[in-house]
Protein chains: 2
Amino acid sequence: MTTPLSATSSHDSSHVKLLAQAQQACQKKGARLTKTREQVFLLLAKRKGAVGAYDLLAELKELDAAAKPATIYRALDFLSKQGFVHKIESINAFIMCHHFGDCNHPVQLLICDECGHVEEIQSNNFDLALRSMADANGFTISHQIVEAHGHCKACQ
Amino acid sequence: MTTPLSATSSHDSSHVKLLAQAQQACQKKGARLTKTREQVFLLLAKRKGAVGAYDLLAELKELDAAAKPATIYRALDFLSKQGFVHKIESINAFIMCHHFGDCNHPVQLLICDECGHVEEIQSNNFDLALRSMADANGFTISHQIVEAHGHCKACQ
DNA sequence: TTGCTCAGTGTAACATTATACCAATACAAA
DNA sequence: TTTGTATTGGTATAATGTTACACTGAGCAA
């Protein structure tokens, strides 16, 4: 919160900062962060937690009445490929990644079944353990999904 | 098939053995392995790899023309709860578990995106690593999903 | 046996999630 | 400008999963 004078936009700065990061990352890679993609990015950035594609679509429709399922899925595809967003396979939902920019990192998610909170953690050790396990089976990992369900600190 | 003279049933015995295990496990727990559940169990046991609910339904319909989506999902629910079957969240498919009976173990899956083969591995170390990571976040895990995509030994 | 209860089932409808297809458009490189 | 590629628009539909409700049938107690 760096805007002491404005009460209404008190937390917008973090979205703007995230967006700036994303724009920079796209420019580096020659990826096109188009208007729709940017809108979806911001909607996700404003969300505290995970959101389903169709809920997101409903929000997007307020900005662009013509939006259709394909619109949102295309945007989510793009944002996922850039590493800005993660898909949570076990609940068919999407969440903004707050670590993007530096790497295409593997991710571990802790999903609270009580309050819906999703915590993103990132353990290289864990990643290594999984890879070595795969190695032992002659398997090469290209993408990993690690999602733990349970109860978060606040919901014990 | 209890016909030792028939070459076509050479590998049926393993299904029968699996089924016997399942029946025993159910009896212990007072769970009812009804006809439909048993049919679905056997269909899954015969499959080498993972199968979608609707593909499975199509197979089941050959045995029971009245089968409907609810039929298959109920059976899969039951079999999952008993630990006989795992759902693969990242591809919406189901696979027979070959380690059931002893425990309600956590599972790690290696999914080949080339040939579709799914390898089930089971590492307690891995489970512990995940749990300790969750602990550090004050999170209690009730169910975990670990699915690695890539290429298997044969598809390198 | 009779009647009670409850898990399991039959059936239809519905809800959610995701993609295919093809034409139109915008953008960047030559 | 021309050409090729990426992106979008729009429609339809595929694929996956759930709910509601009435009914059946097995187990059990009186």
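Quick note on labels: first sequence line is chain A, next is B, and so on, each numbered from 1. Excluded from the calculations below are hydrogen atoms, water molecules and symmetry mates; all remaining heavy atoms, backbone and side chain alike, are included.
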Student: Write down the atom of B:L33, the atom of B:R37, and the distance for their closest heavy-atom approach.
Tutor: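 Scanning both residues, the minimum pair turns out to be CD1-CB, 3.9 Å.
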Student: Do the non-hydrogen side-chain atoms of A:K87 and A:L76 ever get within less than 4.5 Å of each other?
Tutor: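 No - every pair of side-chain heavy atoms lies 4.5 Å or more apart.
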Student: Quickly work out the B:I72 CD1 to C:dG8 P distance and round it to whole Å.
Tutor: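 Rounded to whole Å, this separation is 17 Å.
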Student: Could you state whether B:L128 and B:V107 fall into the same hydrophobic cluster, counting links through intermediate Ile, Leu, Val, Met, Phe, Trp or Tyr residues with side-chain heavy atoms under 4.5 angstrom apart?
Tutor: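 No, because B:L128 and B:V107 fall into different hydrophobic clusters, even though each may have its own neighbours under 4.5 Å.
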Student: Which residues pass the ring pair (Phe, Tyr, Trp, His ring centres under 6.0 Å) test with A:F78, sequence neighbours left out?
Tutor: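 In terms of ring pair (Phe, Tyr, Trp, His ring centres under 6.0 Å), with neighbours along the sequence ignored, A:F78 is linked to no residue.
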Student: Any salt bridge (Lys or Arg N to Asp or Glu O under 4.0 Å) pairs touching residues 118-129 of chain A, not counting sequence neighbours?
Tutor: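 Only A:D127-A:R131 qualify under salt bridge (Lys or Arg N to Asp or Glu O under 4.0 Å).
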Student: For residues A:S123 and B:M133, report the shortest heavy-atom separation together with the two atoms involved.
Tutor: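 That would be CB-SD, 3.3 Å.
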Student: In whole angstrom, give the distance that lies between atom CG of B:L76 and atom P of C:dT9.
Tutor: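 Nearest whole value for this atom pair: 13 Å.
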Student: Hey, are the side chains of B:R47 and B:I95 touching, using non-hydrogen atoms and a 4.5 Å cut-off?
Tutor: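 No, too far: nothing below the 4.5 Å cut-off.
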Student: So which pairs with a foot in residues 30-53 of chain B pass ring-ring contact (aromatic ring centres under 6.0 Å, His included), sequence neighbours left out?
Tutor: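 Counting only pairs at least two positions apart or across chains, the ring-ring contact (aromatic ring centres under 6.0 Å, His included) contacts touching residues 30-53 of chain B are B:F41-B:F84.
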Student: On DNA chain C, does the nearest nucleotide to B:N92 precede the nearest nucleotide to B:A31 from the 5' side, or the other way round? Give the residue.
Tutor: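 Of the two residues, B:A31 wins.
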Student: Check whether any side-chain N or O of B:T71 sits under 4.0 Å from OP1 or OP2 of C:dT9, and answer yes or no.
Tutor: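 Negative; the distance criterion is not met.
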Student: Determine, using the 4.5 Å side-chain heavy-atom cutoff (strictly less than), whether A:L130 and A:L110 are members of one ILVMFWY cluster.
Tutor: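 Per the 4.5 Å side-chain linkage, A:L130 and A:L110 are co-clustered.
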Student: Just distance, no hydrogens or angles: give the donor-acceptor pairs under 3.5 Å from side chains in residues 65-75 of chain B, sequence neighbours left out.
Tutor:
unit_1	atom_1	unit_2	atom_2	d
B:K68	NZ	B:A66	O	3.2
B:T71	OG1	B:K68	N	2.8
B:T71	OG1	B:K68	O	3.0

Student: With a 4.0 Å heavy-atom cut-off, tell me which residues in residues 61-69 of chain B come close to DNA chain C, sorted by residue number.
Tutor: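 Residues of residues 61-69 of chain B under 4.0 Å from DNA chain C: B:A66, B:K68.
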Student: Using atom OH of A:Y73 as one end and atom P of C:dA20 as the other, report the distance to the nearest whole Å.
Tutor: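 Rounding to the nearest Å, OH of A:Y73 and P of C:dA20 are 13 Å apart.
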Student: Rounded to the nearest Å, what distance is computed from the CG atom of residue B:D77 to the P atom of nucleotide C:dA7?
Tutor: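 In whole Å, C:dA7 P lies 15 Å from B:D77 CG.
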Student: Take the C1' atoms of the five end pairs on each side of the helix from C:dT1-D:dA30 to C:dA30-D:dT1, get both axes, and report the angle to 10 degrees.
Tutor: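 Computed angle between terminal axes is 30°.
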Student: With sequence neighbours excluded, what pairs up with B:F139 under the ring pair (Phe, Tyr, Trp, His ring centres under 6.0 Å) test?
Tutor: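 Ring pair (Phe, Tyr, Trp, His ring centres under 6.0 Å) check on B:F139 returns nothing, list empty.
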Student: At their closest point, which heavy atom of A:H151 faces which heavy atom of A:E114, and how far apart are they?
Tutor: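 Answer, listing the atom of A:H151 first, then A:E114: NE2-OE1, 3.2 Å.
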Student: With a 4.0 Å cut-off on heavy atoms, is A:K87 in touch with a base, just the backbone sugar-phosphate, or nothing at all?
Tutor: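 Sugar-phosphate contact only - A:K87 comes under 4.0 Å of backbone atoms but never of a base.
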Student: Mind checking ring pair (Phe, Tyr, Trp, His ring centres under 6.0 Å) for A:H117 and listing every partner two or more places apart, or none if nothing turns up?
Tutor: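 Once residues adjacent in sequence are excluded, A:H117 has no partner under the ring pair (Phe, Tyr, Trp, His ring centres under 6.0 Å) criterion.
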Student: What is the 5' to 3' range of DNA chain D, first to last nucleotide, that sits under 4.0 Å from any heavy atom of chain B?
Tutor: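 Under 4.0 Å from chain B, the extent on DNA chain D is D:dT16 to D:dA20.
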Student: Which residues pass the ring pair (Phe, Tyr, Trp, His ring centres under 6.0 Å) test with A:H149, sequence neighbours left out?
Tutor: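 Listed in chain order: nothing, the list is empty.
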Student: Give, for atom CG of A:L19 and atom CD of A:Q24, the distance between the pair rounded to the nearest 0.5 Å.
Tutor: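 Reported value, rounded in 0.5 Å steps: 11.0 Å.
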Student: Taking protein heavy atoms under 4.0 Å as touching, what does nucleotides 21-30 of chain C look like 5' to 3' if B marks base contact, S marks sugar-phosphate-only contact and - marks none?
Tutor: B-----S---
Student: Specify the residues of residues 49-60 of chain A, ordered by number, for which at least one heavy atom lies under 4.0 angstrom from an atom of DNA chain D.
Tutor: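 Within this stretch, nothing sits under 4.0 Å of the strand.
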Student: Just how far is it from atom CD1 of B:I111 to atom CD1 of A:I141, taken to the nearest 0.5 Å?
Tutor: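 One gets 10.5 Å once the value is rounded to the nearest 0.5 Å.
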